[in-house]
Each structure stands twice: as C-alpha cells, then as structure tokens.
Amino acid sequence: MSIDRREFLKTLGVAGAGLTGVSALGKSKPEPDAEEFYAILHDITLCEGCQECEFACATEYGLPTPSDDDYPDSSVKRELLPERYTVINAVETSVGEVYTKQQCMHCAQPACASACLTQAMKKQESGPVTWDAGKCMGCRYCMISCPFDIPKFEYDSNNPKIGKCQMCFDKLKEGEAPACVEACPAEALIFGKRSDLLRIAHKRILDNPGTYTDHVYGEFEAGGTSWLNLSPVPFKELGFNTNVETKPYPELTKGFLYSVPSVFILWPALLMGLREATRTDSEEGADHE
Amino acid sequence: MSEQILTPPSSYWKFFKSELKPRASLWTVFNIISVPTVLLAAVIIVIRFIYGLGAVSNVTQSVPWGLWKGFNVVTGVAFAGGAYVLTFMVYILGQEKYKPLIRVTVLNGFLAYTFYAFALVLDLGKPWNIINPIIGNSFGTSSILFLVAWHFMLYIVAQMVEFSPTVAEWLGSERARRNLKRLTIGAVVFGITLSTLHQSGLGALFLMAKGKIHPLWYSEFIPTLFFISSVFAGLSVVIFQGSILQRVFSYQMDEHSDERHNVMIRGLSRVCALSMFAYFFLKIIDMVHNHTLSLLTTSMGVWYLVELIGFVLIPMLLFAYGVRIGTPKIIKLASIMTIIGIVLNRMNISVIAYRWDEIPRYIPTWMEFVVTISILFVQFWIFRWVLHRMPVLRTMESMTQTANSKG
C-alpha cells in the first residue's frame, strides 16, 4: 500500500489540527440529525421476559447462550459481560414483576466515541455505535466515559475485545432489523427511524394513561439515544441510571478542547514576551545561555 | 574539572564500557530490596502478557483504571511538573539562582515521563495498536486522551533537547554542546506550553466521568486544579529530592552548596505556599458553587477533609512558616506532606472516589503494587547511574567557574 503525497499532506494537516484541538472547534459539518437515526423502542409493558432476544443476540455474534439458571429472577441481577451484549432482568415493582432489557444505548453523540483516541468506537450514520478491533488500543477510556457503563473489557485474554451491542450494524447494512427485534415474539421491540419511534412512544403514553409512566427513557438522556424505553413504573424503580445528564457527554470536554488552540498560540507569545521583559540590562547583548 | 569535561574520550567504545561499570558497592540496602523486586515484576509482566490483565490485576468492569494508571501515570506526571516550573523561572523569568537545580530536575522529568509511558503500555489491552493515534489512519481528534498522548510524546522530545547539552558535556563534545544549547530556549517555551496542556489534560480526562466520581472530587475545574497542583507537586519533589541528593552526592558539591541550596528551597517554598493557596481557594469556591458542603459530614466527606486540610492546608502553612523562619527542616516536612497529599488527590480521583458507591471495591493485587514500585526502582537506577557519571549536579560549580574564567 502506498500513500500518495496528497494523502500524506492531508494526514499531516489532520495531525496538526488534532494537536491544537482545532478540529473540535472548526467542525463545519453539522451534527448528523439525531432524528434520522435508526433506533429501537422497547415497550417494557409488553416484555414477557422470554429471553428470545438474548438467544438471538448470542447466535448472531457467536456468544455463549443463556443457560437454564439464567432465567430472569428478581432476586438476581445479571450484568452485561464482554460475552453478553444484552441481558433481561426481572425487577419486583409496585405493579408486580417487570422485565428490563439492558444493552448499549447507542447515544446520538456518544461519550465513548468522543473519548476514543483511535476512532475504534464510532457512531455510524445509520445509528449504531460500533467497535473496531483493528483500531482499539485497549486503553478503556470508553469505559471511564460511558455514563451507562456499557463497554465491557475481556480482562482474561491477551488479545482482549471490548464487548458491547453493535445494534447488528452488519444486518442494518443489508436492510434488515437487528436480531433481537426480529426474535421478539411479544412485539415489545420495535425498530425504525428514531423520530417515528418517538411519535409511537408518546402516542402510547397519551392513549393509555395509567399504563405508562410519562417518560421516554432515551429521548433526552445523554443528549438522546438510539435506544428508547417505555415503562409502567418510574425508571428509577427499574434500576435505570436516572442521574445521567440531559446534554451530550462530549459537551463536558468542549470547554477544554476549545482552550487548547488559544493556549498554543498565546503561551509561546506570552513566554517570549516575559523573557524579553524580565531581562536585566547586563544580560542584553550578552550570550544568554 | 572543566578540562575533564571538555576533553573528548579517545575511544568512545572504551569510554562507554568503563562508564557501564558500577561505581560503588552493589551490596547496598536499596539494591538488595530493589533487584529482587524488579525481577519479580518482570515475571508478573510476562504473566500479564500471556494470560491478560485480569491474571495479575484486580481492575473491574466498572473500575477499569487501577493502580497502574492512577499512580504511575496520573500521579507520576504531576510529580514531574518541577521541570516546567523551574525552566519557566530560570529561562523565562531569568531567575539564575535556581539554575543549579535545572539539570537534575529536567533529567528527573524526562525519566519520569519515559517510564510512565512504559507503564501505560503495560496497562493497554492491545499495546501493538499504540501506533494508531500516531500514524494517522485513526486520529480520534475529539479525544482528550488523544491530545494528552501527543503532548506527552512531544514533551518527552522537548525534555530530551533540554537535557542534551549535559550528554554532550559527558561525551566531551564542546561543539555539540554549544549547538544543542541554542535549542534550549525553543524547547523550554514549547515544553512549558505542552506541560500546561497535558497537566490540565490529565484532569480533563475525567470530565466525562461525571456521576461516577464522588461530587466532592468531581468539578468542572478539574483541569485547572490539576494544573495548579502540578506546580506545587513538582516543586515539592524538587525540594525533597534536593535534600537527599545534597547528602548522597555530597562529593560532587562544593562547600557553599548547602547555603545556596537553602536559599533556593526557601524561594521554591514561597511558590509552593502561594500556589497551594490558589488551589485551596479554588477548592472552596468549587464546593460552594456545586453545593457539596453538606457532603462533608459523610464518611467520604471526612476523607475529603483529610486530604484538603491535612495535606493541602497544613503543608501550605508549614511552607509559609518555613520561609519566614528559614528552617529547611520544616520546609522538608511540608514537601513530604505535599507529596503524600498529591498521591491522595490523584488516587482519590482516579481510583478511590471513582465509583465510590460500587460494591465490591477495587483493591489492587500485590502484583500491581510490585510492578508499580519496580517502575520507580528502575527509574531510580538509571537516575543514579546518570548522576554518578554525567555533569548533572556538579555542573553548576564547574560551569560557573568556566564561565567566569572565560570572562
């Protein structure tokens, strides 16, 4: 593979921009319209806890399938693992046993992707946040940044993977729905454009007062996500993280990134000026080591 | 002394061979402890690369950064802050009286950065991909870590340039020394700029961990707090290290060095006390601003007060008092307390107050401790080797004499 001169210069330019943080400033391309992403709506009131989505996910990605012991039980909280991209848990609530589904939320502006220094984590235009093994350094900064604690790291491997839901990016490219959506017998999972799903969600809340709590989790959480949830009870009761910011997480670092180019220009000028100003008369003209 | 410096060795090969020989007895207490520890660490590192991080480390899915990143990288870099503060004082503000400390501090900074880069490699899951942020097909330019990595790398180069005249002197090449000397001011200006950015950048890494770090430690001021604390962290190391070197390497010092040293550390204590005051003040503003004062009565709050009062406010007062009455002993005590305080602060943010609500807590394995200490040991070996051979400490006397005799 050869790199031509133009490519090389472009690379250098990007390198320089990255160094001074200019790229974060001068991003002329508008943020991709969050409304046009694909998304998935999980209507928790319809979920029967059958785990078909978990089985389909495991088959799709060649992961271990849940055993009989893994059947949802409200006394056990099963966690996501490097080899478990989604999990159904049973939660005892004020309206009885409710099943929750956990997986990557696929934020519109993901913290993990903005944290990733190699672009291994990437928000695809169609919606999924994907992970690229060839680029990842295994620094785990995505795990520090993710407000939902989603990326999981294979600590017991010498060539570790980051395990997380990819929203079946490959199937989306073929025009198919994600495996979990296809597998759901209760139609608790709906796949579609985010704006359509939000309309459906709000209509369900409006049409069935008393059935739903008036909140679509994922509409504003972390600045909006590609995974939306409807629940019969407040999300806090289900163990959802209700302390997440409503603005996108990359915003938290913007102030710092913006200051980088100014420091790079102001500091050297200021330092050289100070040096000249604080020179004593005897030093002027002398070889100042 | 000056003649010895300026004579090039007749055969470089012979010269290197003789320089590699140990100068003192190998049977010192330090060596008896450090050699087996480093060997053990080497075995642990091999296990880590064969079986994965989990085989030697206790880091978890919710606390993915443990002792290696929290101590060796996040804490260690703050301690290397002395180099940019001192070069600022000497080369920018023209405070020549601190010049004797420059070489040893820059050397210390250079070694620290190099070794912490190495520590980082140990912690990476896929270290062979470390080249990705450098070669350009995968620039994550929106990442704070990307900025930190680049600034880190460039700063190592800047420090190499700053230190290079010393190496030229060691090799007896006056011409190379003069040419390298010309690069110093450029490297210094570039280095200070880079330090400002990556010292604060290390703090900025945690900005997106909002909600995961205890509210008493999380703050939008983290970058500024990291930057200010790197000033007194770095200078405390210079003060502490200086007093040890003064004793161990007394054969390289002249009879006035003690006196001069005391003048220097009093000046540095002033900077420490004032920067600590700025830091303390900012912390209070932050607590009021974020309405976290009420959390001070919780158990995490008490721990926070231990850090802030015990290891910031008290050493700050000790520094100020030490400057006033001019007792090096109090200043040394203050510098030790400050160093402990910085360790507490950095470990709190990256490990202890990070997911403080998580059960079970992350507690490092003994293997993580062995590797962490070994990195310091090896760094110290090289530091000692260089000090015994290169004109790092003895330079100031001979250099001033040379300069004076030249007129």
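Throughout, protein chains are lettered first and strands after them, A, B, ... in sequence-line order, and every chain is numbered starting at 1.
- Between chain A and the options B:Ile144, B:Leu53, B:Ile92, the largest number of non-hydrogen pairs under 4.5 Å is found for B:Ile92.
- Note on A:Val244, A:Thr253, A:Leu270, A:Leu266: by heavy-atom pairs under 4.5 Å with chain B, the leading option is A:Thr253.
- When side chains are defined from C-beta on, A:Leu117 does not count as touching B:Phe139, because their heavy atoms never get closer than 4.5 Å.
- Between the OG atom in B:Ser138 and the CD atom in A:Gln119 there is a gap of 7.0 Å [rounded to 0.5 Å].
- For A:Lys236, the NZ atom counts as loosely surrounded, since its 6.0 Å shell holds 12 or fewer non-hydrogen atoms of other residues, nucleotides or ligands.
- With a 4.5 Å cut-off on non-hydrogen atoms, A:Phe256 touches chain B through its side chain but not through its backbone.
- Considering only residues two or more places apart in sequence or on other chains, A:Glu251 meets the side chain to side chain contact (heavy atoms under 4.5 Å, CB included) condition with A:Lys247, A:Pro248, A:Lys254.
- Of the atoms belonging to A:Glu79, not a single heavy atom falls under 4.5 Å from chain B.
- Contact of the B:Lys212 side chain with the A:Ile144 side chain is not registered, since no non-hydrogen atoms from C-beta on lie closer than 4.5 Å.
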*side-chain contact (heavy atoms from CB on, under 4.5 Å) assessment of A:Arg140 paired with B:Asp123*: CA-CA 9 Å; A:Arg140 312 191 290 290; B:Asp123 196 67; 2.9 Å; yes
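- Using a 4.5 Å heavy-atom threshold, the side chains of B:Ser143 and A:Tyr141 count as touching.
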_Step-by-step side-chain contact (heavy atoms from CB on, under 4.5 Å) determination, A:Phe264 to B:Leu197_ = CA-CA 9 Å; A:Phe264 245 104; B:Leu197 289 168; 3.4 Å; yes
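- In terms of non-hydrogen atom pairs under 4.5 Å with chain A, the most contact-rich of B:Leu93, B:Ile130, B:Leu194, B:Val188 is B:Leu93.
- Side-chain contact between B:Ile192 and A:Leu271 is present, with at least one heavy-atom pair separated by less than 4.5 Å.
- In this structure, the portions of B:Pro64 lying under 4.5 Å from any heavy atom of chain A include both its backbone and its side chain.
- For B:Thr184, no part sits under 4.5 Å from any heavy atom of chain A, backbone or side chain.
- With rounding to the nearest 0.5 angstrom, the CG atom of A:Leu252 is 4.5 Å from the OH atom of B:Tyr218.
- Residue A:Lys152 holds its NZ atom at 7.0 Å from OG of B:Ser62, rounded to the nearest 0.5 Å.
- When heavy atoms are compared at a cutoff of 4.5 Å, B:Arg182 does not approach chain A at all.
- Top candidate by heavy-atom pairs under 4.5 Å with chain A, chosen from B:Ala55, B:Pro127, B:Ser200, is B:Ser200.
- Between the side chain of B:Asn132 and the backbone N or O of A:Lys135, at least one donor-acceptor pair lies under 3.5 Å.
- With hydrogens and angles ignored, the 3.5 Å screen pairs a side-chain donor or acceptor of A:Tyr155 with a backbone N or O of B:Thr60.
- The candidate with the highest count of non-hydrogen atom pairs below 4.5 Å against chain A, out of B:Ile213, B:Val148, B:Ile50, is B:Ile50.
- Of the residues considered (A:Gly255, A:Gly273, A:Cys146), A:Cys146 shows the highest number of contacts with chain B, using heavy-atom pairs under 4.5 Å.
- Contacts of A:Asn159 with chain B are made by both backbone and side-chain atoms, with heavy-atom separations under 4.5 Å.
- For a residue to count as touching a neighbouring chain, one of its non-hydrogen atoms must lie under 4.5 Å from one of that chain's; by this rule A:Cys136 touches chain B with backbone and side chain alike.
- A pairwise comparison of heavy atoms in B:Gly125 and A:Pro160 identifies O-CD, 3.1 Å as the closest pair.
- Nearest approach of A:Cys139 to B:Leu145, heavy atoms of both residues: SG-CD2, 3.6 Å.
- Interface remark: A:Thr118 contributes backbone and side-chain atoms alike to the contact with chain B (heavy atom separation under 4.5 Å).
- A:Arg275 places a side-chain heavy atom less than 4.5 Å from the side chain of B:Ile185.
- With B:Met208 as reference, A:Ser114 is the one residue of A:Cys112, A:Cys142, A:Pro147, A:Ser114 to meet the side chain to side chain contact (heavy atoms under 4.5 Å, CB included) rule.
- Highest contact tally toward chain B, considering only A:Asn158, A:Leu80, A:Val263, is held by A:Asn158 [criterion: heavy-atom pairs under 4.5 Å].
- Between A:Met137 and B:Trp128, the closest side-chain pair of non-hydrogen atoms is not below 4.5 Å.
- Note: A:Gly134 leads A:Ala113, A:Pro250, A:Gly134, A:Ala120 in heavy-atom pairs under 4.5 Å with chain B.
- Within 6.0 Å of NZ on A:Lys122 lie no more than 12 heavy atoms contributed by other residues, nucleotides or ligands.
- Between B:Val189 and A:Trp267, every side-chain heavy-atom pair lies at or beyond the 4.5 Å cut-off.
- Contact check for A:Asp156 versus B:Tyr51: no side-chain heavy atoms found under the 4.5 Å cut-off.
- Considering only heavy-atom pairs separated by less than 4.5 Å from chain A, the leading option among B:Gln61, B:Arg48, B:Lys210 is B:Gln61.
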